[in-house]
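Here's the structure, in structure tokens; my notes come after.
Ligands are counted one by one from 1 in listed order, and the atoms in each one are counted from 1 as well. Hydrogens, waters and symmetry mates play no part in the numbers below; they use all other heavy atoms, side chains included. Everything numeric in this text was worked out from a predicted model, so none of it was measured.
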Amino acid sequence: MEKRRFAELGLSPELLKAVDKMGFEEASPIQTAVIPVLLTGRDVVGQSSTGSGKTAAFGLPAIEKVDPALRAVQVLILCPTRELAVQVAEEMAKLALFKRGVHAVPIFGGQSYERQFRALAAGTQVVIGTPGRVMDHMERGTLRLDKLSMVVLDEADRMLDMGFRDDIEKILSAVPEKRQLLFFSATMPRAIQDLIGRYSRDPEWIRIESHAQNAPQVDQVYFEVDRRSKIEVLTRLIDIYDFRYGIIFCSTKIMVDELDEHLHARGYAVDRLHGDITQAQRTRVMEKFRRRGFEFLIATDVAARGLDVDDLEVVFNFDLPNDAEDYTHRIGRTGRAGKSGRAYTFVSGREIYKLQGMVRFAKLKIRRENVPSLDQVEEARENVFFEKLRSTLEAASFRAQDRIVDRLLEQGYASTDIVSALIHMMTSAPSAPTPEPAKAAPAYAAPAPASAPAWVEKRSAPAAKASAASAAPVSAEGADPAPVAVAPRKAKFDRSGKTGREPGFTTIFLNVGRKHLVTPADIVGKIAGVTRLPAGVAGAIDLHQRHSLVDVASEHTAKILEKMAGVRVKGEALKPAVATDANRAEE
Ligand code: ADP
Ligand code: MG
């Protein structure tokens, strides 16, 4: 598809400067095709895939045409959701940076009318909003559209899906006759063609074909993985490539919750989105994810719709998507705008046939790889540690410890041995207070075997090998039957140790014990999952017959007690309390 330099598209220097500042090197195909047509004043119907740069395609000409001296709304952009409205507004503000006197604001439900009213009264020229809120403002008289010269329907198909048809029609009938009308939509169902026919004047139809080739910058790989090993394989891939920012797609809400709990327990910074999550919570999670407040978002397709994030390093299809279209949609979120991204897809059992069907139908460029072995994981962790050490040395960002070093040298130790001993101390589990092996849950007792040192991680959250799945061997259904021990993130404490010894920790009492068949993993997983604190807040755990004592970080004790109350573990409703001499002695 043809692409051109922005300078060839007829835009003014102010806008070219903004585009340059945003780091855009060349116009995308939809931008190349749409911008010159819009500058002539024609109506346009544009069709291209997610992430193809539609916002700037309509945004640049829109800003070009705004008269800064006229303090009235001249451009109205309708978006299906508030998240999108906010994103489009942000992009518009960036594009308008060097064109003085041009302002863009989003208006959407949930935000105070007061604030929106002030922005509108101040003479903002570009308004971005959801159809519902725009209608409200029109009815209240706070949004006047008599000077409007351009209306954009962004993601028109989704707006209709969401039931905005009436509002859209009312808005379109209320705007001045002489205006440019733009439709952008991924699909062109009847209803949209209808609207176009009734409200557009001789529009130019621009369609950018999106085959699988539209994502050549996404490296697509699939793994044949036994269902039970998916979590293990997922964490290996994250560790090996040291991914920091991505989405993990699951097919059900239950799977999202489960995975969220497991990854939390293993010390990954994750959060989740699915259909049962309230709008307020959803907004919070999305916002946090966009500013990289956590590393991985676990989501269903539906929940992730409308989430427009850039710069994802990776998309995991933890569960296979339903069809090729969902697949392309999911992976389109990585490798945007010329950057390379990765998409990893897990298939188990007969799903391979479904994937093959998708590959044939949509000509996906996806290749098979073997599940990475534990050795590869260790090597990768070692590399991370090595890099960290090297860059500390390089930056000289450490305090000289001459006194200790000199003392050791004086005692005749070789400097290489001193360094090795230090690395050993940093990378192997600290010697725990003598555990009681008989009582301790076996899954926890053993520190990492000597052959697999648990390399100190860059990721700070320490975690235990909390999930049952991590103990399960990985059985790839393909050619790599690599037997697998466990690759735990380094645990700060041996959780089977005695409680009540670690400074900064408080021992709490839980009314579940061995009789209820709970394991320390269950407890850590529950605490991390319910409180959403990193798994490191839990330290040593003593399991007794009917109760357990758990060390938790003192600063979080109150929160943990509050959140855990009533939560069910193995069918028992928890009644957590701070451990006392009385309840310690129970049994
Ligand atoms: P769409 O609306 O088609 O889904 P967006 O307009 O949201 O796509 O653009 C996706 C991402 O690509 C945004 O981060 C945007 O800033 C970036 N982008 C848009 N055009 C270009 C370009 N020409 N070069 C580089 N990045 C671009
Ligand atoms: Mg868009």
Distance under 4.0 Å to a non-hydrogen atom of Ser28: what atoms of ligand 1 satisfy this? 23 (N)

4.0 Å heavy-atom contact, Glu26 with ligand 1: yes

Options Met22, Glu91, Glu90, ranked by nearest heavy atom to atom 16 (O) of ligand 1, top entry: Glu91

For ligand 1, indicate whether the residue Phe6 contacts it via side chain, backbone, both or neither (heavy-atom separation under 4.0 Å). side chain

In ligand 1, the atoms that come under 4.0 Å of a heavy atom of Thr55 are 2 (O), 5 (P), 6 (O), 7 (O)

For the residue pair Glu351 and Tyr222, confirm or rule out a side-chain donor-acceptor distance under 3.5 Å. no

List the steps and the verdict of side chain to side chain donor-acceptor pair (under 3.5 Å) for Thr142 and His137. CA-CA 5 Å; Thr142 45; His137 275 288; 2.6 Å; yes

Other residues, nucleotides, ligands: >12 heavy atoms within 6.0 Å of Arg201 CZ: yes

Would you call Glu83-Arg290 a salt bridge at under 4.0 Å N-O? no

Can we say Lys94 and Glu90 salt-bridge, meaning some charged N sits less than 4.0 Å from an Asp/Glu carboxylate O? no

